Every structure is written in structure tokens, then in C-alpha cells.
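One structure below.
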Amino acid sequence: MIQAILVFNNHGKPRLVRFYQRFPEEIQQQIVRETFHLVLKRDDNICNFLEGGSLIGGSDYKLIYRHYATLYFVFCVDSSESELGILDLIQVHLEVVFFIAPKVHYILQEVVMGGMVLETNMNEIVAQIEAQNRLEKSEGGLSAAPARAVSAVKNINLPEIPRNINIGDLNIKVPNLSQFV
């Protein structure tokens with residue numbers, strides 16, 4: 001079972017802290033500090049698994065972590081969890097975070113544009129985000145755009161494919177495109 005998920009930067013400042021076991025606030029802060037010090041002193045070329053610290057259960061618990069750029073992603077788990085499964089989970093978590101990053105920027109644009117606060121009403125911001133999601137869904141989403149573009153080009157009904165294009169002094173020789181049609 002996962003006991004805690006910790007994300008902190010290279011200086012030990014927590015960016016995400018989620019405990020799935022109840023600890024007092026002071027103990028949580030000590031766990032974050034101890035975990036940071038345990039992970040920080042490890043070389044990047046060694047195993048990403050180590051025994052949990054004394055505060056979170058000792059030898060029955062493991063710290064499984066990955067260091068990406070300036071962030072450490074650490075999962076504190078008990079012995080029933082698979083180390084490789086947790087490493088994969090960390091990778092999935094990171095990919096999801098990068099996948100939603102454009103949404104985060106869109107939300108920020110709804111609130112602030114050009115340094116000016118546009119909207120502070122949470123209901124209005126959520127309504128605009130939902131409208132954007134409906135628009136993307138009705139258009140097939142951004143991921144469908146390349147397929148729609150290829151389809152549109154294939155559906156162009158030209159009597160023949162031009163071989164030479166002359167525009168004033170500019171002569172363009174068009175390569176054989178039959179392999180793409």
C-alpha cells in the first residue's frame with residue numbers, strides 16, 4: 001500500500017505532499033525532511049529503492065523515487081508493493097502532469113491576460129474551461145487535427161497534380177507526390 005507521495009525540488013522544498021496514513025503535521029514535515037536527505041545523498045547511478053526512514057515505519061517500508069530535472073518524485077510504500085510497478089506509476093504520473101500542462105496555461109489565461117486580471121469568479125472560470133472542453137470534443141480534439149489535415153488534402157479534387165508552378169520570376173518544380181495520395 002502507498003503510504004505517502006512526496007514531490008520536492010533539489011532544495012527540499014515540497015511541491016506536492018500527500019499522506020495516506022494519518023500523521024501529525026510536525027511528523028509529516030519531519031518525514032519530508034528525512035526523505036529529502038535520504039534521497040539527496042544517493043548517487044544518480046544507483047538503485048532508486050531504499051528502506052524507509054525511521055519516521056515512516058522503518059525496514060518494512062520502502063522509498064521508491066525518480067529524479068527528473070529539478071524534482072524528486074518519492075513514493076513511500078509498504079513491502080506489498082512492487083518496486084518496478086511504482087517506478088512505472090511515477091513515470092505515468094509525470095506524463096499526465098505534462099499532458100495537462102497546456103490546460104494549466106489555458107486556465108491561467110482565463111484569469112490573467114497581459115498582466116491584467118480578467119476574471120476572479122470561480123464559476124465563470126470553470127464555465128469557460130467546460131466550454132473549451134466541449135469545443136475541443138466537438139472538433140475531435142487537438143490530437144485529431146493532423147488526421148483531419150491529411151484527409152482534407154486527400155479530398156482536394158484537382159484535375160491533375162501540377163508539376164511546375166510559375167509565379168512571376170519564381171519557378172517551382174513539384175516533386176512526384178503520388179506516394180502520399
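No hydrogens, no waters, no symmetry mates; every other heavy atom, side chains included, goes into these values. As the structure is a prediction and not an experimental result, all values here were calculated from the model. Residues: numbered from 1 along the sequence shown.
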If you measure from CZ on Phe36 to CG on Leu6, what distance do you get to the nearest 0.5 Å? 12.0 Å
What are the two closest non-hydrogen atoms of Phe75 and Ile2, and how far apart are they? CD2-CD1, 4.0 Å
By side chain to side chain donor-acceptor pair (under 3.5 Å), which residues pair with Ser80, not counting sequence neighbours? Asp78
Check the pair Phe8 / Leu16 against side chain to side chain contact (heavy atoms under 4.5 Å, CB included), numbers first and verdict last. CA-CA 7 Å; Phe8 41 80; Leu16 171 80; over 6 Å; no
Counterpart residues, side-chain contact (heavy atoms from CB on, under 4.5 Å), relative to Val126 (two or more places apart): Met122, Glu130
By ring-ring contact (aromatic ring centres under 6.0 Å, His included) - contacts of Tyr65 (at least two apart): none
Residues that Glu81 engages under side chain to side chain donor-acceptor pair (under 3.5 Å), provided they are two or more places apart: none
For Phe19 and Ala4, work out which heavy atoms get closest and say how close. CD2-CB, 3.6 Å
With sequence neighbours left out, the residues meeting side-chain contact (heavy atoms from CB on, under 4.5 Å) with Arg22 are none
Spacing of Ile31 atom CD1 and Cys76 atom SG [to the nearest 0.5 Å]: 7.5 Å
Starting from the C-alpha separation in whole Å, work towards a yes-or-no answer on side chain to side chain contact (heavy atoms under 4.5 Å, CB included) for Val112 and Leu118. CA-CA 5 Å; Val112 178; Leu118 297 178; over 6 Å; no
With a 4.5 Å cut-off on side-chain heavy atoms, are Met1 and Val77 touching? no
Asn48-His67 side chain donor-acceptor pair, cut-off 3.5 Å: no
Validation: residues 83-99 side-chain donor-acceptor distances under 3.5 Å, sequence neighbours left out:
residue: Glu83; atom: OE2; partner: Lys62; partner atom: NZ; Å: 3.1
residue: Gln91; atom: OE1; partner: Tyr68; partner atom: OH; Å: 2.6
residue: Gln91; atom: NE2; partner: Glu95; partner atom: OE2; Å: 3.0

Listed once per pair and sorted, the side-chain hydrogen bond (donor to acceptor under 3.5 Å, both in side chains) pairs that draw on residues 115-125, sequence neighbours left out: Glu124-Gln128
The criterion is side chain to side chain donor-acceptor pair (under 3.5 Å); which residues satisfy it with Asn133, sequence neighbours excluded? Lys103
Answer yes or no: are there more than 12 heavy-atom neighbours, outside Arg18 itself, under 6.0 Å from its atom CZ? no
Taking all heavy atoms of Val39 and all of Val74, pick out the closest pair and write down the distance. CG2-CG2, 4.2 Å
Intermediate values then yes/no, side chain to side chain contact (heavy atoms under 4.5 Å, CB included), Leu40 and Tyr72: CA-CA 9 Å; Leu40 180 67; Tyr72 287 92; 3.6 Å; yes
Between atom CG of Leu63 and atom CG of Leu50, what is the distance when rounded to the nearest 0.5 Å? 4.5 Å
Taking only residues two or more places apart in sequence, or in another chain, which ones meet His37 in a ring-ring contact (aromatic ring centres under 6.0 Å, His included)? none
Going by the rule side-chain contact (heavy atoms from CB on, under 4.5 Å), which residues pair with Asn45 if we only count those two or more places apart in sequence or in a different chain? Asp43
Please check: side-chain N/O of Gln21 versus main-chain N/O of Gln3, any donor-acceptor pairing under 3.5 Å? no
Non-hydrogen atoms of Asn10 and Ala69 that approach each other most closely: ND2-O, 3.8 Å
Test your reading of the model: is there a side-chain donor-acceptor pair from Thr35 to the backbone of Val32, 3.5 Å cut-off? no
Output all residues satisfying side-chain contact (heavy atoms from CB on, under 4.5 Å) with Glu26, sequence neighbours left out; order by chain, then residue number. Pro24
